[in-house]
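Note sheet for the following structure.
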Amino acid sequence: MPVMNDLSSVTPLLAIETSCDDTACAILDSEGTILSQAVLSQESHAALGGVVPEIAARAHLEVLPQLVDLTLQRAQLSLQDIRYFAATIGPGLIGGLIVGSSYAKGLAIAQKKPFIGINHIEGHILTPRLPYALKKQEIESLTFPYLALLMSGGHCQCLLIEDIGAYRPLGRTIDDAAGEAFDKVAKMLGLGWPGGPALEALAQEGDPKSFPLPRPLKGREGCDFSFSGLKTAVARIIQPYGQQALPRLIAANIAASFQQAVSDIMEDRIEHALQMAPPVTTLVVAGGVAANKKLRATLNAVASRHNIAFSAPPLALCTDNAVMIGWAALERLRQGERPRDIALPPRPRWPLSERKVFSASLGQKTIAATEAML
Ligand code: KG4
Ligand code: ZN
């Protein structure tokens with residue numbers, strides 16, 4: 001475990017996450033204990049088969065005030081008790097980022113408290129260090145450096161985590177994200193959206209060896225990922241059925257074969273990443289796709305072969321949530337950083353390797369003016 005600098009002056013900390021289609025709020029104390037948290041998943045996208053950015057932004061705006069109130073009530077706190085406000089300011093859908101970060105900044109200004117802007121991906125990859133997420137034996141093993149595999153609806157990348165703020169990218173997807181591939185194949189199979197959980201459930205009924213699907217980039221140097229060829233191969237299998245519904249067994253066999261292919265790809269890519277990186281203590285998986293039991297088991301086995309620990313957050317902390325944003329804020333504040341990010345604009349694209357977040361277009365005057373309010 002990291003050395004805990006005293007965080008009592010910055011906690012309770014309230015965090016907001018709105019970068020995609022989940023509206024989330026959480027309050028953490030100085031030990032990283034979750035005092036309360038709430039996540040509202042927007043269901044309106046299911047009928048449309050994917051996230052519609054404009055609808056997502058409006059929905060965040062509609063529910064965020066109530067969600068923040070609910071989170072405060074559950075923690076038996078009032079806004080005046082909060083000492084620091086945090087929100088995701090990137091990467092993500094710009095509308096949602098504007099709603100969440102502006103709301104958190106507004107609260108901070110009204111309460112005369114500071115605001116810290118957090119990178120969504122940093123939230124995912126630091127979550128396994130959260131005391132709540134750690135099993136006892138992992139508390140000793142989850143030290144730097146560790147390897148993090150982030151697999152979500154929008155991202156698929158592997159990073160070497162050397163310290164807080166020192167993230168070395170080892171590889172990333174060259175086309176679709178892992179979750180996107182699950183969602184697209186699930187859609188072809190007539191499953192709902194998001195498709196990952198439904199595809200995993202259906203795969204249990206199928207034979208993973210029934211369809212010989214490709215393993216793009218398998219065996220290639222480096223640790224980049226590719227899933228679009230896999231998706232096209234599934235489309236070719238389904239094509240002869242036209243508008244007809246797929247027989248359940250065929251659909252289950254495709255789901256199982258697809259999941260097996262993704263699992264083989266991940267295994268191969270992480271083997272390569274482990275060769276590229278210096279010795280690491282742990283393999284960490286994060287992001288919504290890390291909820292997949294088959295993938296977890298495969299990656300756990302890779303870690304065992306290399307004699308390193310394996311760590312995956314509890315399922316509720318794998319998918320988007322505000323606890324991870326609050327925790328990433330605490331990790332940064334624990335290092336003694338006291339950022340005043342109130343004038344920072346949201347950043348729809350924000351590579352994790354870029355630590356500096358100030359926008360060149362922001363005048364010093366604006367920053368000075370907003371900081372003077374705190
Ligand atoms: O991290 P996350 O909640 O949101 C993003 O930042 O994208 O990840 C959502 C993604 C979706 O694509 C969803 O289908 C996928 O994670 N997912 C899964 C499973 N549960 C969620 N994919 C495969 N198997 C699962 N059990
Ligand atoms: Zn995410």
Side-chain angles (χ1 to χ4, degrees), residues 15-24 26 37 39-43 45-46 49-51 53 56 60 87-93 96-97 100 118-128 148-157 159 172-173 176-189 191-204 206 208 225 227 230-231 255-256 258-263 265-266 284-299 312-328 348-350 352:
I16 288 175
E17 154 63 38
T18 51
S19 66
C20 191
D21 60 331
D22 293 308
T23 317
Q37 73 143 328
V39 182
L40 204 82
S41 295
Q42 300 174 1
E43 279 160 12
H45 304 289
V51 179
H60 288 307
T88 308
I89 57 167
L93 301 174
L97 293 172
I118 296 296
N119 183 306
H120 179 85
I121 297 172
E122 188 173 32
H124 274 303
I125 59 171
L126 295 180
T127 297
L149 171 61
L150 173 64
M151 314 181 277
S152 68
H155 308 277
C156 183
Q157 53 185 296
L159 297 137
R172 57 183 306 136
T173 181
D176 293 344
E180 195 180 352
F182 267 94
D183 291 340
K184 286 178 177 169
V185 169
K187 196 172 176 184
M188 290 184 222
L189 297 178
L191 304 172
W193 182 90
L199 191 147
E200 179 177 19
L202 183 62
Q204 284 188 327
F225 302 82
F227 299 102
L230 190 52
K231 180 188 66 191
F258 168 80
Q259 189 174 258
Q260 183 64 50
V262 176
S263 167
I265 293 168
M266 291 299 180
V284 159
V285 291
V289 183
N292 186 285
K293 292 188 199 70
K294 165 84 186 157
L295 297 185
R296 278 187 188 231
T298 301
L299 294 165
L315 297 190
L317 297 179
C318 273
T319 48
D320 285 352
N321 64 85
V323 172
M324 68 182 195
I325 302 305
W327 176 246
R349 285 173 190 276
W350 180 8
L352 198 47

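In listed order, ligands and their atoms are each counted from 1.
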Among all protein heavy atoms, pick the one closest to [atom] and tell me residue, atom and distance.
| atom | result |
| --- | --- |
| atom 17 (N) of ligand 1 | Gly288 O, 3.6 Å |
| atom 26 (N) of ligand 1 | Glu200 OE1, 2.7 Å |
| atom 24 (N) of ligand 1 | Asn292 ND2, 3.1 Å |
| atom 15 (C) of ligand 1 | Val289 CG2, 3.9 Å |
| atom 13 (C) of ligand 1 | Asp183 OD1, 3.8 Å |

Suppose I only count heavy atoms of [X] and a 4.0 Å limit; which atoms of ligand 1 are within that range?
| X | answer |
| --- | --- |
| Ser152 | 1 (O), 5 (C), 6 (O), 7 (O), 8 (O) |
| Gly154 | 7 (O) |
| Thr319 | 3 (O) |
| His120 | 6 (O) |

Could you tell me whether the side chain of [X] and the main chain of [Y] form a donor-acceptor pair under 3.5 Å?
| X | Y | value |
| --- | --- | --- |
| Asp320 | Glu17 | no |
| Arg349 | Pro91 | no |
| Trp350 | Ile89 | no |
| Glu200 | Lys293 | yes |
| His120 | Ile325 | no |

Which value, rounded to the nearest 0.5 Å, describes the distance between Gln204 atom CD and Leu199 atom CG?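 Output value for this atom pair is 11.0 Å.
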Roughly how far, to the nearest 0.5 Å, is the CG atom of Leu352 from the NE2 atom of His124?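 Interatomic distance, His124 NE2 to Leu352 CG, rounded to 0.5 Å: 11.5 Å.
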Looking at Ala291, Gly196, Ala290, Ser19, the heavy atom closest to atom 18 (C) of ligand 1 belongs to Gly196
Would you tell me which option among Gly123, Ala286, Gly153 has the nearest heavy-atom contact to atom 10 (C) of ligand 1? Gly153
How close do Pro208 and Gly206 get, counting heavy atoms only, and between which atoms?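 Heavy-atom minimum between the residues: CD-O, 3.6 Å.
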The answer for which part of His155 has a heavy atom under 4.0 Å from ligand 1 is neither
With heavy atoms only and a cut-off of under 4.0 Å, state how His124 meets ligand 1: side chain, backbone, both or neither.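 Side chain only; the backbone of His124 stays clear of ligand 1.
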Identify, by name, the N, O or S atom of His124 lying closest to the Zn ion (ligand 2).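 The Zn ion (ligand 2) is closest to the His124 atom NE2, counting only N, O or S.
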Flag Asp320 as yes when one of its N or O atoms lies below 3.5 Å from any N or O atom of ligand 1, and as no otherwise. yes
Is there a polar contact, in the sense of an N or O pair closer than 3.5 Å, between Gly179 and ligand 1? yes
Whether Cys20 lies under 4.0 Å from ligand 1, heavy atom: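 Not so, Cys20 does not reach ligand 1.
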Hey, is Lys293 one of the residues with a heavy atom under 4.0 angstrom from ligand 1? no
Would you say the side-chain atoms of Thr298 and Ser263 include a donor-acceptor pair closer than 3.5 Å?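 There is such a pair between these side chains.
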If you measure only the distance, is there a donor-acceptor pair under 3.5 Å linking the side chains of Gln37 and Asn321?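 No.
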The Zn ion (ligand 2) as vertex, arms to NE2 of His120 and OD1 of Asp320: angle to 10°?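 Rounding to the nearest 10 degrees gives 90°.
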Has Arg296 got more than 12 heavy atoms of other residues, nucleotides or ligands less than 6.0 Å from its CZ? yes
Please walk me through it: do Phe182 and Phe227 pass ring pair (Phe, Tyr, Trp, His ring centres under 6.0 Å)? CA-CA 9 Å; Phe182 267 94; Phe227 299 102; 8.4 Å; no
